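Inspection log for the structure reproduced underneath, given as structure tokens.
Atoms within a ligand are numbered from 1 in the order they appear, just like the ligands themselves. Worth saying up front: this structure is predicted, and the values here are computed from it rather than measured.
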Amino acid sequence: MRAVAVAPGKVILYGEHFVVYNVPAIVMAIDRVVKVSVSPREDGSLRICSDLGFACEYSDGDVKPIMGGKKAVTFLEPVRIAARTVLEYFNEKKGLSIDVHSAIPSSVGLGSSGAISVATVAAVSKVLGHEISKEQVWRLSLRAERYVHVTPSGIDPLVSTYGGLLVWRIQDGTKPKKINRDIEIVVGNTGIQRSTGKFVSMVGRKKTKKIEGISQLMGVMSWISNLALKAFKEMDIVTLGALMNMNHELLRIIGVSNESLDRLVEATRKAGALGSKLTGGGGGGCMISLTTLSKRAAVCKAIKENGGQPMIVRKNNAGVKAWLVKN
Ligand code: MEV
């Protein structure tokens with residue numbers, strides 16, 4: 001018997017980084033998922049394998065890379081932490097084989113690590129025979145998320161767990177509010193992989209030192225997110241686009257954009273996007289555009305011509321799902 005879980009990635013439409021400081025953010029689960037398969041092992045060891053070319057075996061406190069060298073140890077660490085957290089939570093000592101397949105590009109701000117942690121928690125619980133709520137899945141995935149994002153808000157595993165288009169701030173805990181709207185987003189991937197944790201820490205240092213007026217910008221970002229929520233209610237996509245543009249300027253001020261992102265943002269606006277901004281941790285990774293259908297092809301073309309890779313994403317409503325499969 002093995003368990004399989006799928007969980008979606010995400011795009012943050014408004015409020016990344018600021019969400020770490022309890023500012024409301026709006027985030028959408030996307031139709032790109034990771035799939036994690038887990039089966040029990042007789043020898044009591046843990047073996048994790050990813051289709052990105054990494055594999056490790058863990059036994060008696062030792063780790064042995066089987067594929068991908070030292071990088072495999074770092075890359076697979078969140079999966080190991082997520083699996084360990086579930087084993088400890090249920091006080092189980094079983095060995096496990098975990099296979100990770102991802103259709104979400106990694107380290108580019110689309111929530112692949114959050115989705116992998118969430119799917120691992122759900123699949124490991126399932127194979128051990130424990131039914132857990134979505135709230136527990138989210139809570140148990142946070143330890144792995146902390147390894148990746150250092151001081152995360154928890155928004156990535158949250159949207160991966162619940163799915164949908166959500167407005168959330170830290171103090172809402174496990175109660176995100178669903179926005180019942182459907183939109184399509186054009187993503188532009190710069191192809192530059194980077195660590196979200198590094199940028200979260202950098203913003204944290206600037207906030208502590210009170211530089212660049214970050215505390216005051218928190219108020220501006222709350223205002224943008226609240227206006228975006230109102231614009232969603234009225235489905236006022238022109239305002240939604242303008243608010244994305246404003247959000248990008250705030251992200252530039254706090255220092256998380258870069259030349260490649262700014263170039264794609266600028267080019268997509270010129271090609272007719274209603275609004276464009278970076279999405280996720282910044283420093284590379286992806287940007288997003290909101291466009292009308294008639295401008296979509298031109299926006300995708302602008303992304304390609306400026307060195308990016310375009311991709312259209314839609315809402316995933318289901319969030320994480322896990323089931324058992326007979327071998
Ligand atoms: C990363 O997808 C979103 C950040 O706001 C970090 C977090 O909230 O954990 C940059």
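Using a 4.0 Å cut-off to heavy atoms of P152, the atoms of ligand 1 that qualify are 9 (O). Of all the atoms in ligand 1, the ones that sit under 4.0 Å from a non-hydrogen atom of V19 are 5 (O), 8 (O). The D156 neighbourhood of ligand 1 comprises atoms 1 (C), 2 (O), with distances under 4.0 Å to a heavy atom of that residue. The contact set between ligand 1 and I155, taken as ligand atoms under 4.0 Å from a residue heavy atom, comprises 8 (O). Near V20, meaning under 4.0 Å from one of its heavy atoms, ligand 1 places the atoms 7 (C), 8 (O). Residue contact check: H149 has heavy atoms under 4.0 Å from atoms 1 (C), 9 (O) of ligand 1.
Salt-bridge formation is detected for the pair D156/K10: a Lys NZ or Arg NE/NH1/NH2 atom is positioned less than 4.0 Å from an Asp or Glu carboxylate oxygen. Under a 4.0 Å N-O distance rule, the pair E266/R263 does not qualify as a salt bridge.
Of the protein's non-hydrogen atoms, the one nearest atom 6 (C) of ligand 1 is V200 CG2, 3.8 Å. With hydrogens left out, the protein atom closest to atom 3 (C) of ligand 1 is I12 CD1, 3.6 Å, a heavy atom. Atom 4 (C) of ligand 1 has H17 N, 3.9 Å as its closest protein atom, hydrogens excluded (heavy atom only). For atom 8 (O) of ligand 1, the closest non-hydrogen atom of the protein is S153 OG, 2.5 Å.
Using modelled atom types and a 3.5 Å distance limit, the side chains of S276 and T268 yield a donor-acceptor pair. The closest side-chain donor-acceptor pair between S37 and D99, if any, does not fall under 3.5 angstrom.
For the side chain to side chain donor-acceptor pair (under 3.5 Å) criterion with S97, the lone passing option out of R47, E57, R41, R2 is R41.
Taken to the nearest 0.5 Å, the CD1 atom of I192 stands 12.5 Å off from the OG atom of S107.
With atom 2 (O) of ligand 1 as the reference point, the heavy atom nearest to it among E16, R146, K10 is part of K10.
Using the six-membered ring where Trp is involved, H130 and F90 have ring planes that are parallel, under 30° apart on the 30 and 60° scheme.
Few gaps surround NZ on K178; more than 12 heavy atoms of other groups in view lie less than 6.0 Å from it.
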